[in-house]
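Report on the structure given below.
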Amino acid sequence: MYSVFAVDDEPIVLEGIRSKIDWESRGFSFAGEATDGEIALSMIQEIRPDILITDIKMPFMDGLQLAAAVKKIQPWIKVIILSGHDEFDYAKKAISIGIEDYLLKPFTPDEILSALDKAAMQIDKERKQLSDISRLKAELKSSETLKKKEFLNNLVHGSEDMATVMQRSQELGINLIARFYRVLISRIQSLNGNVESQQEACSLLNSYSAAWEQADCFFHHSNLLVCIFKGSSNEELDESVFHAAEAIGHIVSKNGGCTVLSAIGKTVDHLSQLAISYSDAKRILELGDKDEHNRIISTEDLEQDTASSSDGKNSALLDLKENDPLVDRLKYAGKNDISAIIDESMQLIRSNPGQFKVFASYLLVDLIFAVSKLVEKLGGDIKLLKPDILQRSFMDDAVQDEAVFTQKMEQVLSFALEYRDSKMTGKYADVILKAKRFIEEHYTDPNTTLSTVAQAVCLSPNHFSTIFSQECRTTFIEYLTDVRIENAKKLMRETDLKGYDIAYECGFSDPHYFSYIFKKNTGLSPREYKLSISAS
């Protein structure tokens with residue numbers, strides 16, 4: 001299955017692409033859309049599609065600028081350009097960027113499918129070539145590669161004097177001149193012990209990392225990729241490193257059964273200090289355990305944990321595990337999550353007619369137990385802080401009818417979030433909660449993106465994306481979409497607004513795309529959902 005993202009400033013064109021192709025039957029999935037290049041770039045950085053279809057003439061950032069930016073940060077993406085301008089200059093620019101296909105408007109669904117099939121074949125061909133293990137072994141044994149690896153290895157270990165470093169770097173054609181430096185080490189592992197799958201993942205990484213202009217990379221041992229990143233500012237370096245770490249995770253994920261831990265050392269401002277950044281990253285790897293999830297950990301993460309422990313601040317929340325999904329959900333839940341949890345509970349109850357008290361009791365007990373665990377983790381005692389919810393009378397009152405049940409659920413959830421917020425002091429806890437509050441206040445704005453929220457919490461988009469996805473176990477785009485869909489459902493339940501009005505109220509610039517996303521997320525069209533409410 002190949003994921004496809006579409007960009008065009010004409011909603012009718014996007015609707016045609018989205019609705020007139022039977023995506024899944026042809027081996028594709030429609031990953032998303034945007035109406036201008038700037039918003040698209042922000043979404044693509046997180047969604048990481050396989051294929052991009054983009055109009056060439058758009059405001060703010062045109063299709064060629066978008067394609068060039070995408071190719072630079074995610075070189076595996078295949079780009080299909082759409083244009084109403086049959087001009088040779090556009091075609092020449094498109095070819096120079098590395099565009100896979102160039103279609104003139106108006107086009108047919110068959111023409112789009114033909115271009116998609118062509119791009120998919122190219123993806124398969126490249127993946128096969130790039131993951132060729134024998135090719136990787138030959139490259140790693142080549143004289144030039146061995147010389148570069150030895151030089152870079154000595155550099156990160158601090159075993160070369162600076163005069164020699166500058167001379168050797170010129171001889172090897174390596175540009176090391178920069179204002180700041182940072183080392184990233186990624187350890188690739190197979191969870192099921194499949195060595196061949198691990199080697200294929202490493203071969204892909206070896207090929208893609210060689211194209212990164214901002215980094216010099218080499219493999220230290222068979223499964224450790226070491227990258228030296230350079231930047232003219234802390235912000236630029238931060239963005240490059242975290243973007244690369246996320247890209248590494250994406251590439252490794254293409255090989256089933258493989259996982260990667262990426263460790264990021266501290267920023268240094270001189271080549272002679274590179275060994276410090278390398279040692280930091282190596283220390284993180286030694287602390288990291290084998291995990292079924294990809295992880296990105298920076299030296300700031302470890303420093304934050306140490307600072308929280310030494311000054312007595314409660315950082316237990318960051319240590320919560322996923323063994324209780326509801327506890328993990330409450331970790332960073334916001335106001336929108338309260339209504340979503342209650343709505344999910346009511347859907348379960350209504351799907352089992354005649355058993356309201358049984359299911360309501362079970363769900364409320366489960367919630368109270370999760371809240372108790374959360375409070376305990378934060379150093380509190382539910383028996384002292386909220387004894388009333390532990391009484392039998394609380395349960396008996398709650399399961400009398402739906403209205404009282406939802407009221408009691410909201411009461412327990414509100415208490416949990418208020419207590420959590422009063423105890424949260426960790427750096428990333430503050431970031432996540434601030435981000436979620438910003439989303440709650442701005443989800444109605446279609447221009448709310450990863451970049452705008454990252455700016456609000458004073459982090460680079462890629463650093464914020466990493467923190468958000470790892471702490472919340474969902475991507476930023478998925479969370480924002482869920483917030484918009486939950487609020488749309490609320491408006492359907494509580495108002496008589498038309499579907500297109502609800503779409504605009506919830507941050508969707510195109511009602512047709514809203515309908516598509518709503519059905520994709522709920523299994524029902526907006527109209528079907530509205531009818532189901534009336535029926536219940």
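Keep in mind that this is a model prediction, so the values were computed, not measured.
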For this session: Go through the steps for Asn447 and Thr452 under the test side chain to side chain contact (heavy atoms under 4.5 Å, CB included), then give the verdict.
Result: CA-CA 8 Å; Asn447 293 315; Thr452 60; 5.7 Å; no
Quick check: do [X] and [Y] have side-chain heavy atoms less than 4.5 Å from each other?
{"X": "Asp337", "Y": "Lys436", "answer": "yes"}
{"X": "Tyr443", "Y": "Thr481", "answer": "no"}
{"X": "Ile80", "Y": "Leu103", "answer": "yes"}
{"X": "Tyr513", "Y": "Ile517", "answer": "yes"}
{"X": "Pro461", "Y": "Glu239", "answer": "yes"}
{"X": "Ile123", "Y": "Trp76", "answer": "no"}
{"X": "Leu113", "Y": "Ile21", "answer": "yes"}
{"X": "Leu330", "Y": "Ile341", "answer": "yes"}

Hey, is the main chain of [Y] close enough, under 3.5 Å, to the side chain of [X] for a donor-acceptor pair?
{"X": "Glu246", "Y": "Thr466", "value": "yes"}
{"X": "Arg484", "Y": "Cys506", "value": "yes"}
{"X": "Arg420", "Y": "Ala333", "value": "yes"}
{"X": "Ser451", "Y": "Ser42", "value": "no"}
{"X": "Glu46", "Y": "Met43", "value": "no"}
{"X": "Ser114", "Y": "Asp110", "value": "no"}
{"X": "Lys434", "Y": "Ala456", "value": "yes"}
{"X": "Asn487", "Y": "Val483", "value": "yes"}
{"X": "Thr444", "Y": "Glu505", "value": "no"}
{"X": "Asn294", "Y": "Val260", "value": "yes"}

State plainly whether the residues [X] and [Y] are in salt-bridge range, i.e. N to O under 4.0 Å.
{"X": "Lys331", "Y": "Glu471", "result": "yes"}
{"X": "Asp117", "Y": "Arg26", "result": "yes"}
{"X": "Lys490", "Y": "Asp343", "result": "no"}
{"X": "Arg182", "Y": "Glu300", "result": "yes"}
{"X": "Asp8", "Y": "Lys105", "result": "yes"}
{"X": "Lys489", "Y": "Glu494", "result": "no"}
{"X": "Glu100", "Y": "Lys71", "result": "yes"}

For [X], look at atom [atom1] and say whether over 12 heavy atoms of other residues, nucleotides or ligands are found less than 6.0 Å away.
{"X": "Lys520", "atom1": "NZ", "result": "yes"}
{"X": "Glu111", "atom1": "CD", "result": "yes"}
{"X": "Phe107", "atom1": "CZ", "result": "yes"}
{"X": "Arg527", "atom1": "CZ", "result": "no"}

For this session: Check whether the side chains of Ser29 and Glu24 place a donor and an acceptor atom closer than 3.5 Å, and report yes or no.
Result: no
Exercise. Have Asp9 and Thr35 got a donor and an acceptor in their side chains that come within less than 3.5 Å?
Worked result: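 No, because no side-chain N or O of Asp9 sits under 3.5 Å from a partner of the opposite role on Thr35.
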To the nearest 0.5 angstrom, please state how far the [atom1] atom of [X] sits from the [atom2] atom of [Y].
{"X": "Ile248", "Y": "Leu204", "atom1": "CD1", "atom2": "CG", "result": "12.5 Å"}
{"X": "Ile368", "Y": "Asp366", "atom1": "CD1", "atom2": "CG", "result": "10.0 Å"}
{"X": "Ile296", "Y": "Leu261", "atom1": "CD1", "atom2": "CG", "result": "9.5 Å"}
{"X": "Phe468", "Y": "Thr474", "atom1": "CZ", "atom2": "OG1", "result": "7.0 Å"}
{"X": "Ile51", "Y": "Gln122", "atom1": "CD1", "atom2": "CD", "result": "11.0 Å"}
{"X": "Lys57", "Y": "Ser83", "atom1": "NZ", "atom2": "OG", "result": "8.5 Å"}

For this session: Take Leu348 and Asn352 through the side chain to side chain contact (heavy atoms under 4.5 Å, CB included) test and state the conclusion after the steps.
Result: CA-CA 7 Å; Leu348 177 60; Asn352 293 276; 4.0 Å; yes
Problem set entry | Over all atoms of both residues, closest heavy-atom pair of Leu237 and Gly231 | CD1-N, 3.8 Å
For this session: Quick one: closest heavy-atom pair of Gln74 and Pro49, and the distance?
Result: OE1-CD, 4.4 Å
Side-chain donor/acceptor pairs under 3.5 Å, residues 404-418, sequence neighbours excluded:
residue : atom : partner : partner atom : Å
Thr406  : OG1  : Glu402  : O            : 3.2
Thr406  : OG1  : Ala403  : O            : 2.9
Ser414  : OG   : Glu410  : O            : 2.8

Exercise. Who passes side chain to side chain contact (heavy atoms under 4.5 Å, CB included) against Thr54, sequence neighbours left out?
Worked result: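 Scan of Thr54 (side chain to side chain contact (heavy atoms under 4.5 Å, CB included), adjacent residues dropped) gives Val7, Leu52, Met58, Leu66, Val79, Ile81.
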Once you measure the plane-to-plane angle for [X] and [Y], does it fall in the parallel (<30°), tilted (30-60°) or perpendicular (>60°) bin?
{"X": "Tyr529", "Y": "Phe518", "value": "perpendicular"}
{"X": "Trp23", "Y": "Phe30", "value": "tilted"}
{"X": "Phe514", "Y": "Phe508", "value": "tilted"}

Exercise. So, do Phe229 and Phe180 have ring centers that fall under 6.0 Å from each other?
Worked result: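 Between Phe229 and Phe180, the centre distance exceeds or equals 6.0 Å.
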Table please: side-chain donor-acceptor pairs of residues 12-19 below 3.5 Å, with sequence neighbours left out.
residue : atom : partner : partner atom : Å
Glu15   : OE2  : His512  : ND1          : 3.3
Arg18   : NE   : Glu33   : OE1          : 2.9
Arg18   : NH2  : Glu33   : OE1          : 3.0
Arg18   : NH2  : Glu33   : OE2          : 3.1
Arg18   : NH2  : Asp510  : OD2          : 3.2
Ser19   : OG   : Glu15   : O            : 2.5

